[in-house]
Structure formats: C-alpha cells, structure tokens
Enquirer: 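Pasting a structure here, questions to come.
Chain letters run A, B, ... following the sequence lines, proteins first, then strands; residues in each count from 1.
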Amino acid sequence: MAANTVTPAFPAPAGPAAPPGADAPAEAAPKLGLPLPVLHATVLDWYAANARDLPWRTPDASPWAVMVSEFMLQQTPVKRVLPVWETWMERWPTPADLAAEAPGEAVRMWGRLGYPRRALRLHGAAVAITEKHGGEVPEDHATLLSLPGVGEYTAAAVASFAFGQRHVVLDTNVRRVFARAVTGAEYPAQATTAAERRTATALLPAADRTAATWAVAVMELGALVCTARGPECGDCPLFTSCAWQRAGRPPYEGPARRGQTYEGTDRQVRGKLLAVLREAHDEVPQARLDAVWPDAVQRARALDGLVADGLVEPVEQGVYRLPR
DNA sequence: GATTCGTGGCC
DNA sequence: TGGCCAAGAAT
C-alpha cells in the first residue's frame, strides 16, 4: 500500500493530542468500546499514512473537479474513473465549459464508464450551475441536492470533500465499515436504515474539517481494507475493537443480496447501441444499429428507452445521433 | 421499497 | 467459469 503523499485538504487537528471532550462527547462509541476521540484519531492516523494519491483529493482540486469525480465514482471503480476524469478536467475545467457543449459530447466522452445517464445528468448539473448559480458549484447541501444526478450521498460528499463541511457521508464503503465494526454484521442491509444514519451521526466528529476528513477516511478504510470480499483484517486499525472481528466474523445471514444479471438484458442492448453512437462522430443509419442485436423487438425497446432518456436523438426516419 | 440503469475485473 | 461487486440516483 503506497504511503500517502497528498496533503489532506482538510487536515485534522493532531488526533492523539486532542484533549478528551474537545472533539466530541467522551462517551464510548456504541459496541466499539472506544472513546470517540480515540476512534477518530485511530482512523484519521491510518488515513494519513495510507490514503491513495488521487487527483481529486489534491489541495488544488476545484469543487467542480470533486463533483465530476463523485458523479463518475457512482457505482464505478476508481481505476476506471481516473483516465476519464483526467480527460474531462482537461477539456472542461469549469462547469461553464461543459455547459457550453452539446449533451451528446458528454455522453461520448463518458466512454465506457457505464450508466451513461450520469453523463447527461452531469451536463445538466453544469448547465444549472452556470445559469442559476453564477458558474460556481453550490456549497449548500440542499442546493447541491437540487442538481440533476445529485442525491443524498453526492450532495454530502461534495459539501464535505470540496468545502470541508460536516455531513453524514454514507456510501457503500462507510456502511460496510460500520456494519462490521459497530454492528458486528458482515454486510449492511440492502437499503440504508434509520439506525445506520443514527450510528453515522453519533460517530461524526464535532468540528467541520475533522468531520470532512473523517468521512473520506472511513470511506478509504472500506475501499482498501474493510472490503466486501476478502477484508484485510490484519491490516485494520480497528482490528481489536471491531464488533464483527470480536464476534468471530460470523457470515452474513440476511436475505440473499440481489445479483445483477446482465447477459441478454435491455441494459446490455442499450450498451451496444450507445457504443455505436459514441464511436460514430455523426449520424448513424438504422442498419448499423440493427447489426448489434438479433432480437428486433428487444432492440427497438432498448432504442426507444435511450431516446426517452435523452441519450439518443432521432434525426429523421431511421437515422439517429447523440443529442445536441 | 423495489427496480432499473453499464461495464469490467476479480477470486 | 461466473457470481459478485464497484464513492448511487431516479422513479
């Protein structure tokens, strides 16, 4: 694991030196048996030593750069996001730059990241930021939430990581870390529960900047150590206090977690159709789309869906292109 | 609350 | 090999 060479955007105050009670109530974290300041220092120290050197975490990363990364990282691994993010930031360094382009260009440059509606929504967010917010990414959580493609998680993440605010940031990594360390379960429930929000709220450091770094630190712990499969518990700073570890790492017992089938689905057909549109730099005749999938009924349904979503634009009878 | 929505890599 | 998973949002 590479040592972190990034200066944290919002460095935490020296954790171990923080006087008890200055940071948060001195009560022990539920089921962790650690005073909150100790828990915070433990995770923050681990983060300082182990965080990945990601470009959207550098001190000079703009709020827009953070927002673009958060859109791309929705359901998509960091490794695949990195090169596309670099391309986007070079081409569209500000929201206004993206807003000035056709939405289809965003879809094209999205490449094979998947879930291309995110590209359309990010373009929509850029337009809204440009037209309604003076070209600056809003700092306010509620205003962020009003942007297309920005939900509970992304609003909290941008407010926290780009602006150093204190928010509960609950993503799949954080949920898994808390499920294990606090609740003693291998995996969290399928949907976020009120209990999870209470736990996350109770553990959040009191100071804004510390809370912001805590959020990214817990996420990083989930991404690098407390992983879904094959967690590296021997490398975990919470090894001795983790409720799941102390319980003997009992296997998941809840309802079967829904698998994501893909072969033969409309999603696969949509993907194939859109790939043709992306690679063509102009209009595409029907015949080229027909070639990607044998079932005409499913093909037509997929294409209709893409048009309905605004990802594809009919030009004339039997001719399509990315939206302008 | 359950579904839909891409793509690729890994154990 | 193939099921499972990856910084979710919208409906």
Side-chain angles (χ1 to χ4, degrees), chain A residues 47 51-52 54-57 61 65-85 107 110-122 124-125 144-162 167-177 186-194 200 212 215-224 226-232 252 255-278 292-293 301-302 304-306 308-312:
Chain A
Y47 181 71
R52 286 168 293 180
L54 301 175
W56 46 83
R57 285 185 186 158
V66 173
M67 174 173 273
V68 171
S69 79
E70 289 302 337
F71 269 76
M72 292 182 172
L73 288 164
Q74 292 168 3
Q75 300 283 282
T76 306
V78 166
K79 181 174 182 179
R80 284 173 46 211
V81 164
L82 278 167
V84 182
W85 182 88
V107 174
W110 196 252
R112 306 188 65 81
L113 280 185
Y115 292 149
R117 290 189 294 192
R118 292 181 293 166
L120 225 43
R121 291 171 183 155
L122 183 47
L144 286 164
L145 254 187
S146 74
L147 298 172
V150 177
E152 191 66 39
Y153 161 78
T154 301
V158 172
S160 186
F161 306 153
H167 292 280
V168 168
V169 180
L170 266 186
D171 80 320
T172 187
N173 292 302
V174 175
R175 294 186 63 219
R176 189 175 52 250
V177 170
E186 185 178 18
Y187 296 114
Q190 289 195 192
T192 305
T193 64
V216 72
V218 177
M219 283 177 62
E220 192 76 339
L221 185 60
L224 298 184
C226 192
T227 51
R229 288 171 298 186
E232 308 275 359
Y252 176 77
R257 290 179 295 159
R258 181 171 40 93
Q260 317 172 31
T261 57
Y262 184 63
E263 279 301 313
T265 61
D266 286 4
R267 286 156 80 175
Q268 184 181 23
V269 184
R270 287 167 56 108
K272 286 180 176 297
L273 291 171
L274 203 56
V276 172
L277 275 295
R278 272 198 314 264
V292 306
W293 196 256
R301 185 171 66 232
D304 285 349
L306 289 170
D309 288 346
L311 284 163
V312 173

Enquirer: Using whole Å, what does the distance between atom C1' of nucleotide C:dA9 and atom CZ of A:Arg121 come to?
Expert: 5 Å
Enquirer: NA contact type, A:Leu113, heavy-atom cut-off 4.0 Å: base, sugar-phosphate, or nothing?
Expert: base
Enquirer: Side chains of A:Tyr262 and A:Thr265, heavy atoms from C-beta outward: is any pair under 4.5 Å?
Expert: yes
Enquirer: Nearest whole Å is fine: how far is C:dG8 P from A:Leu170 CG?
Expert: 11 Å
Enquirer: Using the P atom in both, what is the distance from C:dA9 to B:dG8, to the nearest Å?
Expert: 23 Å
Enquirer: For A:Gln268, which contact category applies under a 4.0 Å heavy-atom criterion: base, sugar-phosphate, or nothing?
Expert: nothing
Enquirer: Considering only heavy atoms from C-beta outward, does the side chain of A:Thr154 approach that of A:Leu144 to under 4.5 Å?
Expert: no
Enquirer: Write down the distance separating the C1' atoms in C:dC5 and B:dG6, rounded off to the nearest Å.
Expert: 13 Å
Enquirer: Using the P atom on both, measure B:dT4 against C:dA7 and round to a whole Å.
Expert: 23 Å
Enquirer: So how far is it from A:Arg118 CZ to A:Phe71 CZ, rounded to the nearest 0.5 Å?
Expert: 10.0 Å
Enquirer: Between A:Gln190 and A:Arg112, name the one whose nearest nucleotide on DNA chain B is closer to the 5' end.
Expert: A:Gln190
Enquirer: I want to check one thing: is the phosphate of C:dA9, taken as OP1 and OP2, less than 4.0 Å away from some side-chain N or O of A:Thr154?
Expert: yes
Enquirer: Does the side chain of A:Trp56 come within less than 4.5 Å of A:Met72's, by heavy atoms?
Expert: no
Enquirer: Less than 4.5 Å apart, side chain to side chain, heavy atoms only: is that true for A:Arg267 and A:Tyr115?
Expert: yes
Enquirer: On DNA chain B, does the nearest nucleotide to A:Lys79 precede the nearest nucleotide to A:Arg270 from the 5' side, or the other way round? Give the residue.
Expert: A:Arg270
Enquirer: In chain order, what residues pass the ring pair (Phe, Tyr, Trp, His ring centres under 6.0 Å) check against A:Tyr187, with sequence neighbours excluded?
Expert: A:Tyr252
Enquirer: So what does A:Phe71 touch, heavy atoms closer than 4.0 Å: a base, only the sugar-phosphate, or nothing?
Expert: nothing
Enquirer: Expressed in angstrom and rounded to an integer, what is the separation of A:Asp309 atom CG from C:dA9 atom P?
Expert: 17 Å
Enquirer: Give me the distance, rounded to whole Å, that separates C:dT11 from B:dG1 when you measure between the C1' atoms they each carry.
Expert: 11 Å
Enquirer: How many angstroms lie between atom CZ of A:Arg176 and atom OG1 of A:Thr227, to the nearest 0.5 angstrom?
Expert: 6.5 Å
Enquirer: Counting primed atoms plus P, OP1 and OP2 as sugar-phosphate and everything else as base, spell out the protein contacts along nucleotides 2-7 of chain C at 4.0 Å heavy-atom distance: B, S or - for each nucleotide, 5' to 3'.
Expert: -BBBBB
